[in-house]
Participant: 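One structure coming up, written as structure tokens, with questions to follow.
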Amino acid sequence: MTQSPPTASGVVTRFAPSPTGFLHIGGARTALFNWLYARHTGGKFLVRVEDTDRERSTEAAVAAIFEGLDWLGLKSDDEVVFQYSRADRHRAVVHEMLAAGRAYRCWMTVEELAAAREAARAGGPALRSPWRDAPPPKDPSLPHVIRFKGPTEGTTLVDDLVKGPVTFNNADLDDLVLLRADGAPTYNLAVVVDDHDMGVTHVIRGDDHLNNAARQTLIYQANGWTLPAFGHIPLIHGPDGAKLSKRHGAQAVGEFADMGYIPEGMRNYLARLGWGHGDDEVFTDEQAISWFDVKDVVKAPARLDWAKLNFINGQHLRQADDARLADLTLKALQAQKAALPADAAARLLAVVPQVKEGAKTILELAEHCAFALKVRPLVLEEKTVKQLTDETVERLTRLRAQLAAAPVWGVSELETLLKSFAESEGVGFGKFGPSLRGVLTGGSQAPDLNKIMAALGRDESLGRLDDALASRA
């Protein structure tokens with residue numbers, strides 16, 4: 001693999017998920033921050049799948065990760081790199097370090113290693129193998145690992161873009177394994193080699209990797225490679241301040257999609273988890289790209305706020321294309337195996353503009369559209385049947401005549417007609433509005449009467465009204 005060519009700004013970021021499970025909301029935010037920073041600087045956003053853990057990495061998890069990234073609209077600017085396929089390159093670097101005296105072979109037994117780790121946990125020095133400066137055993141072909149030969153004195157500085165300068169004592173950093181006994185490269189080694197070869201200039205990731213940054217810095221230095229800038233972002237906590245877990249609700253990006261959130265709403269909300277631009281809550285991708293800088297990410301953990309997510313998603317839903325929302329609503333209803341009329345798509349396209357303002361998710365939008373998908377004759381609620389007194393039926397009959405003669409069937413025109421009718425009858429809407437609503441919706445939640453009829457169309461509205469009036473004849 002050749003090093004990725006430089007961008008106009010020189011900035012290259014990456015998102016490097018491990019395919020051992022779904023794309024977590026925390027991982028999605030990390031991917032978004034990398035994507036935003038690359039776009040903000042005119043740089044490049046890359047994706048690398050860290051699949052070296054062959055026992056836990058699965059094709060299903062890989063697929064789930066890319067489904068989540070695709071849904072969010074966060075695609076790599078270059079071909080995706082799979083870490084496991086680069087194992088030969090990783091091993092080659094280790095052997096170069098070995099030849100340069102930056103690594104050494106270690107023949108510690110399992111028992112010796114356990115004792116050394118126990119001593120380190122008890123407050124002793126970081127793990128240093130007795131083979132660090134010893135000659136090889138009589139039989140060097142015995143199973144062994146290759147360890148990093150790091151400095152034992154001084155400090156290592158990680159000048160973090162989010163945390164600020166963080167200093168590590170080298171005496172506390174053990175001689176980590178670079179190659180296992182079976183020749184498999186370890187995480188810290190593979191990450192450094194891949195980031196270097198991919199030309200990554202900014203490593204933006206969760207702050208649970210902060211300690212790794214010190215070890216990786218030493219590996220960079222041992223190879224004479226230019227260090228990337230590190231930015232470690234705080235984790236996401238639940239509303240109660242505890243680490244996010246299943247008890248807080250959805251965690252996987254796919255779950256949020258299934259719950260009816262739309263990608264632009266989710267991107268906006270994720271961007272607000274630990275970063276912001278003044279008091280701006282709702283913004284476009286273009287605004288986020290213009291404003292975002294990793295240096296502005298806050299140091300404290302962000303908290304998942306369902307109310308704010310719903311608000312932000314609802315705002316983006318209002319701005320979304322009606323045809324797209326109708327299609328998403330249809331798919332959501334089909335996923336629920338709802339009974340739908342043959343012309344459901346056309347009905348949804350007509351009703352979505354009238355009801356989307358009150359919905360926060362696609363699932364709520366589907367609920368708001370339910371009245372328009374009912375098939376005649378509607379089953380009326382008992383309270384609607386009781387409201388259809390002789391007086392009300394006569395009044396609705398007169399209204400029906402005016403509706404049939406309406407020259408224009410639009411939201412504002414229908415509103416004017418209903419107000420004019422109430423005035424001509426000398427009554428308030430309460431005398432006929434509830435019964436008309438029940439007749440048109442069958443009891444389902446719905447918007448104002450004029451919007452209900454505009455969404456249903458002239459023929460369907462008059463047909464539902466006729467059905468109800470005929471049932472009282």
Side-chain angles (χ1 to χ4, degrees), residues 322 325-326 329-330 333 336 338-359 363-473:
D322 291 334
L325 292 179
T329 303
L330 179 61
L333 290 167
Q336 296 171 358
L340 299 171
D343 61 345
R347 295 192 189 200
L348 287 170
L349 190 56
V351 72
V352 160
Q354 311 303 334
V355 300
K356 69 177 185 178
E357 187 170 335
L363 296 189
E364 278 194 7
L365 185 57
E367 292 175 0
H368 294 179
C369 292
F371 77 91
L373 298 174
K374 293 187 174 183
V375 179
R376 294 176 50 201
L378 275 60
V379 177
L380 302 183
E381 288 186 310
E382 184 178 348
K383 70 175 183 179
T384 300
V385 174
K386 290 180 178 180
Q387 290 168 346
L388 292 174
T389 62
D390 292 342
E391 179 184 358
T392 301
V393 168
E394 291 174 2
R395 183 167 284 123
L396 291 180
T397 301
R398 292 191 292 274
L399 174 60
R400 196 264 183 220
Q402 291 193 24
L403 289 170
V408 180
W409 196 270
V411 172
S412 59
E413 291 81 6
L414 288 168
E415 181 180 21
T416 299
L417 187 153
L418 290 172
K419 288 181 178 179
S420 176
F421 176 76
E423 291 174 1
S424 67
E425 293 283 314
V427 296
F429 269 82
K431 289 295 184 179
F432 66 93
S435 57
L436 178 59
R437 172 179 288 274
V439 163
L440 294 173
T441 68
S444 295
Q445 62 178 346
D448 294 338
L449 283 169
N450 58 321
K451 292 183 177 181
I452 291 173
M453 290 189 289
L456 291 175
R458 186 192 301 267
D459 291 344
E460 181 70 16
S461 296
L462 294 179
R464 292 187 180 192
L465 186 51
D466 287 341
D467 290 342
L469 294 175
S471 70
R472 294 285 289 121

Participant: Compare all side-chain heavy atoms of Met453 with those of Val411 and state whether any distance is below 4.5 angstrom.
Facilitator: no
Participant: Run the side-chain contact (heavy atoms from CB on, under 4.5 Å) test against Arg458 and tell me which residues pass, sequence neighbours left out.
Facilitator: Ala406, Trp409, Leu462
Participant: If you count every heavy atom of other residues, nucleotides or ligands that lies below 6.0 Å from Glu425 atom CD, does the total exceed 12?
Facilitator: yes
Participant: Residues two or more places apart in sequence or in another chain: which of them pass side-chain hydrogen bond (donor to acceptor under 3.5 Å, both in side chains) with Thr389?
Facilitator: Thr392
Participant: Can you check whether Leu373 reaches Leu333 side chain to side chain, under 4.5 Å on heavy atoms?
Facilitator: yes
Participant: Hey, could you give me each pair passing ring-ring contact (aromatic ring centres under 6.0 Å, His included) that has a residue in residues 365-387? Not counting sequence neighbours.
Facilitator: none
Participant: Using 0.5 Å steps for rounding, measure from the CG atom of Leu365 to the OG1 atom of Thr329.
Facilitator: 3.5 Å
Participant: When rounded to the nearest 0.5 angstrom, what distance separates CG in Leu396 from CZ in Arg472?
Facilitator: 11.0 Å
Participant: Do other residues, nucleotides or ligands put more than 12 heavy atoms under 6.0 Å from the CD atom of Gln445?
Facilitator: yes
Participant: For the residue pair Ala326 and Leu348, what are the closest heavy atoms and their distance?
Facilitator: O-CD1, 3.8 Å
Participant: Find the distance between CG (Leu349) and CG (Asp322) and round it off to the nearest 0.5 Å.
Facilitator: 7.0 Å
Participant: Using the side chain to side chain donor-acceptor pair (under 3.5 Å) rule, collect all pairs that involve residues 428-443, keeping only residues at least two apart or in two chains.
Facilitator: none
Participant: Go through the structure and list residues passing side-chain hydrogen bond (donor to acceptor under 3.5 Å, both in side chains) with Asp448, not counting sequence neighbours.
Facilitator: none
Participant: Which atoms form the tightest heavy-atom contact between Leu436 and Leu465, and what is the distance?
Facilitator: CD1-CD1, 4.2 Å
Participant: Please determine if Glu460 and Arg464 form a salt bridge, counting it only when a charged side-chain N lies under 4.0 Å from a carboxylate O.
Facilitator: yes
Participant: What are the two closest heavy atoms between Leu456 and Ala372, and how far apart are they?
Facilitator: CD2-CA, 3.8 Å
Participant: With a 4.5 Å limit on heavy-atom distance, are the side chains of Leu403 and Ser461 in contact?
Facilitator: no
Participant: Can you name the salt bridge (charged side-chain N to carboxylate O under 4.0 Å, His left out) partners of Lys386, sequence neighbours left out?
Facilitator: Glu382
Participant: What's the shortest heavy-atom distance between Leu414 and Asn450, and which atoms?
Facilitator: CD1-O, 3.6 Å
Participant: Taking the side chain as C-beta and beyond, is there a heavy-atom pair between Val427 and Arg395 under 4.5 Å?
Facilitator: yes
Participant: Could you go through Gln387 and Phe432, starting from their C-alpha distance and side-chain angles, then the distance that decides it, and tell me whether this counts as side chain to side chain contact (heavy atoms under 4.5 Å, CB included)?
Facilitator: CA-CA 9 Å; Gln387 290 168 346; Phe432 66 93; over 6 Å; no
Participant: Between Ala344 and Leu330, which heavy-atom pair has the shortest distance, and what is it?
Facilitator: CB-CD1, 4.1 Å
Participant: Which heavy atom in Leu380 sits nearest to a heavy atom in Ala468, and how many Å separate them?
Facilitator: CD1-CB, 4.2 Å
Participant: Output, in order, the C-alpha distance, side-chain angles, deciding distance and verdict of side chain to side chain contact (heavy atoms under 4.5 Å, CB included) for Leu378 and Asp467.
Facilitator: CA-CA 8 Å; Leu378 275 60; Asp467 290 342; 5.8 Å; no
Participant: Does any part of the side chain of Leu388, heavy atoms only, come nearer than 4.5 Å to the side chain of Val439, both counted from C-beta?
Facilitator: yes
Participant: Counting distance only, does the side-chain N/O of Ser420 pair as donor-acceptor with the main-chain N or O of Leu417 below 3.5 Å?
Facilitator: no
Participant: Would you check if the side chain of Lys374 reaches a backbone N or O of Gly442 as a donor-acceptor pair within less than 3.5 Å?
Facilitator: yes
